[in-house]
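Notes follow the structure.
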There are 2 protein chains.
Amino acid sequence: MKSRPTILDVAKQAGVSKSTVSLVLQGASSVKDETRASVRKAMAEIGYVYNRSAATLRSSSSGLIGLVINDLRNPFFTEFAALFQMELAQAGFATVLANSDEDPKLQSQMISSLVEHGVSGFIISPAYGDEASTLAVLEAANTPTLQVFRTLEPEGRTFPLLAPDYLTGGRLAAEHLVAQGCKKIAFLGGLEGRPVTRERMAGYLSVLEEHGHEPLILTGQSTRAFGKTMAVQLRKDHPGVDGVICFNDLVALGVLAACPDLGIKAGRELRVVGFDDIEDGQDSYPPLTTVSCNIPDFAASTARQIVAWIKEGKAPPPESRSPVRLVIRASSSD
Amino acid sequence: MKSRPTILDVAKQAGVSKSTVSLVLQGASSVKDETRASVRKAMAEIGYVYNRSAATLRSSSSGLIGLVINDLRNPFFTEFAALFQMELAQAGFATVLANSDEDPKLQSQMISSLVEHGVSGFIISPAYGDEASTLAVLEAANTPTLQVFRTLEPEGRTFPLLAPDYLTGGRLAAEHLVAQGCKKIAFLGGLEGRPVTRERMAGYLSVLEEHGHEPLILTGQSTRAFGKTMAVQLRKDHPGVDGVICFNDLVALGVLAACPDLGIKAGRELRVVGFDDIEDGQDSYPPLTTVSCNIPDFAASTARQIVAWIKEGKAPPPESRSPVRLVIRASSSD
DNA sequence: CTGAAAGCGCTTACAG
DNA sequence: CTGAAAGCGCTTACAG
């Protein structure tokens, strides 16, 4: 492992001073094209590799962005993470990943580690619990920080929140089921009392009230397994239910998977709507009607905003909501 | 944004020299317990944050590991990435993520960027194509590099490969279907000629030959959509097929999703086996029989090996295969 | 067990 | 447009 060439080596090779090399590296417009070219050529010749640690130390900007996700195994977050990382790479930033796995202790630890690495910004879809400590670490970091999808601060906002318009999503889903003629519509999944659950549910509740329908709410884990269990329970305890709005697609896919064994025709006897529009829903049986949050746009917009904040100091507004839309498939309209 | 305290500030606060602070930071055993305690206390008092860029510059070890994945949206890889990241965090390393999205150009670019950030090691599940250029960038990095799941170097090995024993997996799947009484077993999905496809298929082929069965191979994309299409095509062109081994679970889930509309009873008339054991397969209808690669163990072992290589210079053997096992569920044994 | 000094590879003013 | 000098915050020998 011989040590890598430095800008001094490049300078020598190109016959200029190291300042000039540094300027070329930073893309400064003040360097003559000719000089720039010869510097670039020298770099290629000796296999120069930019050392960001050195640059970071001097300029205190690492080009690293910390992405902290509460549950990376949920395809919804994965899709976001993958797209966000790629957007960021385009803008010249690398993404340091941390999966907090819904564990606030782990979350604080990982954030601290990212701070040591000098990340220039944070994107966090936070795990709930021990909010004060997480917020304290983040605040101490004193670096642009965006909350996405969820917030640790239901009241007031230290860190701007970017989230889909969950409430409208809940409304769209409920209106659709009412329009399909459903008489008894249940809301399934979502942890009680969480802001996201509350918002999605609020949309559902307001529509039901407008139409004089009785609501039925069964909160719980947001997993396939919970969806399966609930399908069984609905059949047993609430046979009248003819439509369900699920907290997310995983729950909905669980419901759909349980239907055949229960002899329920999903999409006819039981109309099912999910939330998130993960890829799996396109190929389930039957294909899943769902509220799409348009993750590709959301990821691109998140990347743009954190980069703008870092580069130009423009903090986004305390809260922005991105549009959602209903994607109608056979699970609700057979 | 006032600048952060440095070890000098800590030293002043604690009344020791900055070397001592540095030694405490590194956990050197030569520092008196009492001194160590007072240094730690000083750090807490003034809110000191370790600056890794500075440490990296001097010691040329960043504590960053680059994870380059060909398709992060595939749940199989996501699960690996999430678990690997968490293992690594335990060992004091942060994970920088790059999704190459099966694009070799992007892959080279992202690797270069990670090299600039001074990653101490690479884990790569490579995208195929333009192998020479990817390998060149990696080689120039001159840092511990492990290939996982796939290799860019079918012959010889510059970078050790860690992969599940795909061949045995293919055999287990085929033997199981033969034991279930299947007479005509097809192999679905996997891109033609890729090493991973070849290995899984080889296991299948050898078992079929042992039993005097005719093989039927339909390669293609490894997606749910492909599985759905193939189910239709099987019904039309190869109605005799009573068992399928799919390249991965996504293909298998696609086949299962298509069965109801085709009037096929999956698990009886058509026995389906997948590969990977992603979570979704537990809750599909019917639950999916599959070859498990035991990702939690695999991720932990990968983390251990890269850390050992970095810290102790122990490179793993050129190739190691981890055990697989068949998980039998209703999709093949109703 | 602790201190003083040098240096990692850049960027940043400041001259010219 | 280019050079010489200082400094970012650590770690690393080397003395004591």
Side-chain angles (χ1 to χ4, degrees), chain A residues 1-40 42-43 46-64 92 113 115-120 311, chain B residues 1-40 42-43 46-64 92 113 115-120 311:
Chain A
M1 303 228 187
K2 45 178 165 313
S3 63
R4 292 183 187 152
T6 74
I7 54 167
L8 258 172
D9 301 310
V10 176
K12 198 175 300 168
Q13 175 84 6
V16 301
S17 87
K18 69 176 176 159
S19 310
T20 307
V21 177
S22 179
L23 289 172
V24 171
L25 245 19
Q26 294 169 74
S29 57
S30 57
V31 182
K32 229 192 309 187
D33 280 356
E34 204 182 320
T35 313
R36 184 193 314 280
S38 83
V39 169
R40 292 237 171 267
M43 295 202 266
I46 65 179
Y48 170 75
V49 176
Y50 186 56
N51 182 333
R52 272 182 198 269
S53 294
T56 300
L57 180 55
R58 188 65 175 100
S59 68
S60 55
S61 146
S62 67
L64 245 28
S113 157
V115 173
E116 290 187 358
H117 281 287
V119 295
S120 305
K311 288 196 171 165
Chain B
M1 304 226 187
K2 45 179 166 309
S3 64
R4 294 184 186 151
T6 74
I7 54 168
L8 259 172
D9 301 310
V10 177
K12 197 174 304 169
Q13 174 84 5
V16 299
S17 86
K18 68 175 176 161
S19 309
T20 307
V21 177
S22 178
L23 288 173
V24 171
L25 246 18
Q26 294 168 76
S29 57
S30 57
V31 183
K32 230 190 310 187
D33 279 357
E34 204 182 320
T35 314
R36 185 194 313 282
S38 83
V39 170
R40 292 239 173 267
M43 295 202 265
I46 65 179
Y48 170 74
V49 175
Y50 186 55
N51 182 333
R52 270 181 200 270
S53 294
T56 301
L57 180 55
R58 188 65 174 99
S59 69
S60 54
S61 148
S62 66
L64 245 28
S113 156
V115 173
E116 291 185 358
H117 281 287
V119 294
S120 305
K311 289 196 171 166

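A quick note: this is a predicted structure, and the numbers were derived from the prediction, not measured. Numbered from 1 within each chain, the chains take letters A, B, ... in sequence-line order.
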Could you list the donor-acceptor pairs under 3.5 angstrom formed by side chains in residues 27-35 of chain A, with sequence neighbours left out?
none

Not counting sequence neighbours, which residues clear side chain to side chain contact (heavy atoms under 4.5 Å, CB included) with B/Ile7? List them please.
-> B/Lys18, B/Val21, B/Leu25, B/Tyr48
Heavy-atom protein contacts under 4.0 Å, nucleotides 10-16 of chain C, coded B base, S sugar-phosphate only, - none | BBB----
Pairing string of DNA chain D (Watson-Crick or G-U wobble, both atom distances under 3.5 Å; | = paired to other strand) is |||.||||||||.|||
What integer distance in Å separates A/Met43:CE from C/dG9:C1'?
-> 15 Å
By side-chain hydrogen bond (donor to acceptor under 3.5 Å, both in side chains), which residues pair with B/Thr20, not counting sequence neighbours?
-> B/Ser17
B/Ser120 meets the side-chain hydrogen bond (donor to acceptor under 3.5 Å, both in side chains) criterion, sequence neighbours left out, with B/Ser62
Please list, chain by chain and in numerical order, all residues satisfying side chain to side chain contact (heavy atoms under 4.5 Å, CB included) with B/Ser113, sequence neighbours excluded.
-> A/Ala94, B/His117
Can you find a heavy atom in the side chain of A/Thr56 that is under 4.5 Å from one in the side chain of B/Asn51?
-> no
Pairs touching residues 50-63 of chain A that satisfy salt bridge (Lys or Arg N to Asp or Glu O under 4.0 Å), sequence neighbours left out = A/Arg52-B/Glu116
Calculate the interatomic distance between B/Glu34 atom CD and C/dC1 atom C1'; express it in whole Å.
-> 12 Å
Kindly write out the residues that satisfy side chain to side chain contact (heavy atoms under 4.5 Å, CB included) with B/Ser22, not counting sequence neighbours, or none if the list is empty.
-> B/Gln26
For A/Ser53, report the nucleic acid contact type (base, sugar-phosphate, nothing); a contact means any heavy atom under 4.0 Å.
-> nothing
Does the side chain of A/Ser17 get closer than 4.0 angstrom to OP1 or OP2 of D/dA4 through an N or O atom?
-> no
